[in-house]
2 protein chains.
Amino acid sequence: MTRAQRAVLAQLTNDRAFVSAQDIHARLRRSGESVGLTSVYRALQALTDDGQLDARRTDGGEATYRRCGSDQHHHHLVCRQCGAAVEVEAPAVEKWVADLAATHRYVIDAHTLEIIGLCSRCADA
Amino acid sequence: MTRAQRAVLAQLTNDRAFVSAQDIHARLRRSGESVGLTSVYRALQALTDDGQLDARRTDGGEATYRRCGSDQHHHHLVCRQCGAAVEVEAPAVEKWVADLAATHRYVIDAHTLEIIGLCSRCADA
DNA sequence: CCGAGAATGAAAACCATTGTCATCTTGCCG
DNA sequence: CGGCAAGATGACAATGGTTTTCATTCTCGG
Ligand SMILES: [Zn+2]
Ligand SMILES: [Zn+2]
Ligand SMILES: [Zn+2]
Ligand SMILES: [Zn+2]
């Protein structure tokens, strides 16, 4: 694992929310740990490919990343404002998706399920 | 409804798949109907706000739009390659989402559920 | 026919992300 | 110990989708 990867992973372990590459870069800079933006992007790519990070796009299309607790397949309840997330499993949905694959002539290779809202902290403010 | 909106809507009625703004612009140009790219973006925005179009982002983050048959709340089975889509309803999932909202302290205001794969035509090729 | 407000679109600005390339590091081998 | 090849790094430039700007062109009620 490279220096950039260690720095990024540490940052995302410290703050368990969905955060953008630019945010991570800024936070690392602020905390003294100096890593180039390009390296942050590369580290995020590598860690995500490696399954150590989950990625999702915000409504605006910006990619954000999170270090999840579970390495099982799961979905997220995400705060639109601060990126805070709850990991949820949805066996019933997985079943439904599998059945649908059988019904239609599609070769399914992925599915997304996300619940977007405001976490209690952001809703109160 | 403006001229651009009519042109875009006609194009999306003609080809019922998820298509990007740039694609729509190119197709309109090719078919003689000349509309500026800016106007295509504006029309897509307006039509989507108006509920006449469904929007989704491709894996690459590009926004795509589709004229759906149902104006009920529904989800999509989407072909990653050509944008072809099947509209599906998932009452069980809606129920599950509602329950989750009650369980956690999140103010839910949206959810996404998408099944991505290859349509039979693209899988065969 | 007039004028205000909306629509249009070419061009410039934006901005997240990716590519380039010259410079550093790192780990081996002689 | 050098020295060297492979990989990592990061400043900078380029990309590409999307949005802004702004001057021009409709549209339509009065
Ligand atoms: Zn996760
Ligand atoms: Zn929040
Ligand atoms: Zn739809
Ligand atoms: Zn297809």
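The chains referred to below are lettered A, B, ... by the order of the sequence lines, with proteins before strands, and numbering in each begins at 1.
- If you measure from atom OH of Tyr65(A) to atom P of dA16(C), you get 13 Å, rounded to the nearest angstrom.
- Side-chain proximity of Gln22(A) to dA8(D), dT17(C), dG9(C): nearest is dT17(C).
- If you check every strand for non-hydrogen atoms under 4.0 Å, Thr64(B) touches nothing.
- The salt bridge (charged side-chain N to carboxylate O under 4.0 Å, His left out) check on Asp124(B) picks up nothing, with sequence neighbours excluded.
- Here Val78(B) is tied into one hydrophobic group with Phe18(B), each link being a pair of ILVMFWY side chains closer than 4.5 Å.
- Rounded to a whole Å, the CZ atom of Arg3(A) is 6 Å from the P atom of dT9(D).
- Atom CD in Glu62(B) sits about 16 Å away from atom C1' in dC15(C), given to the nearest Å.
- Taking atom CG on Asp23(B) and atom C1' on dG17(D), their separation rounds to 12 Å, with Å as the unit.
- In this structure, Met1(B) places its CE atom 17 Å from C1' of dT27(D), rounding to the nearest Å.
- Between dT9(D) and Thr2(A), a contact under 4.0 Å exists linking OP1 or OP2 to a side-chain N or O.
- Pairs of residues two or more places apart, or lying in two chains, that qualify as side-chain hydrogen bond (donor to acceptor under 3.5 Å, both in side chains) and include a residue from residues 107-117 of chain B are Arg80(A)-Asp109(B), Arg56(B)-Glu114(B), His73(B)-His111(B), His75(B)-His111(B), Glu94(B)-His111(B).
- Closest to the Arg57(B) side chain, of the nucleotides dG9(C), dT18(D), dT9(D), is dT18(D).
- Residue Asp59(A) places its CG atom among 12 or fewer non-hydrogen atoms of other residues, nucleotides or ligands, all under 6.0 Å distant.
- Thr58(B) comes within 4.0 angstrom of no nucleic acid atom, judged by non-hydrogen atoms across all strands.
- Residue pairs meeting the salt bridge (Lys or Arg N to Asp or Glu O under 4.0 Å) criterion with at least one partner in residues 3-19 of chain A, sequence neighbours excluded, are Asp15(A)-Arg27(A).
- At the phosphate of dG9(C), neither OP1 nor OP2 sits under 4.0 Å from any side-chain N or O atom of Arg29(B).
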Task: Sugar-phosphate or base contact per nucleotide [nucleotides 18-25 of chain C; S, B, -; heavy atom under 4.0 Å] - done: BB------

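- Partners of Thr58(A) by side-chain contact (heavy atoms from CB on, under 4.5 Å), not counting sequence neighbours, listed by chain and number: Glu62(A), Thr64(A).
- When heavy atoms are screened at a 4.0 angstrom cut-off, Arg6(A) is found touching no nucleic acid atom at all.
- When the P atom of dC12(D) is taken as reference, atom NE2 of His25(A) falls 12 Å away, rounded to whole Å.
- In terms of modelled atom types and a separation under 3.5 Å, the side chain of His25(B) and the main chain of Asp23(B) share no donor-acceptor contact.
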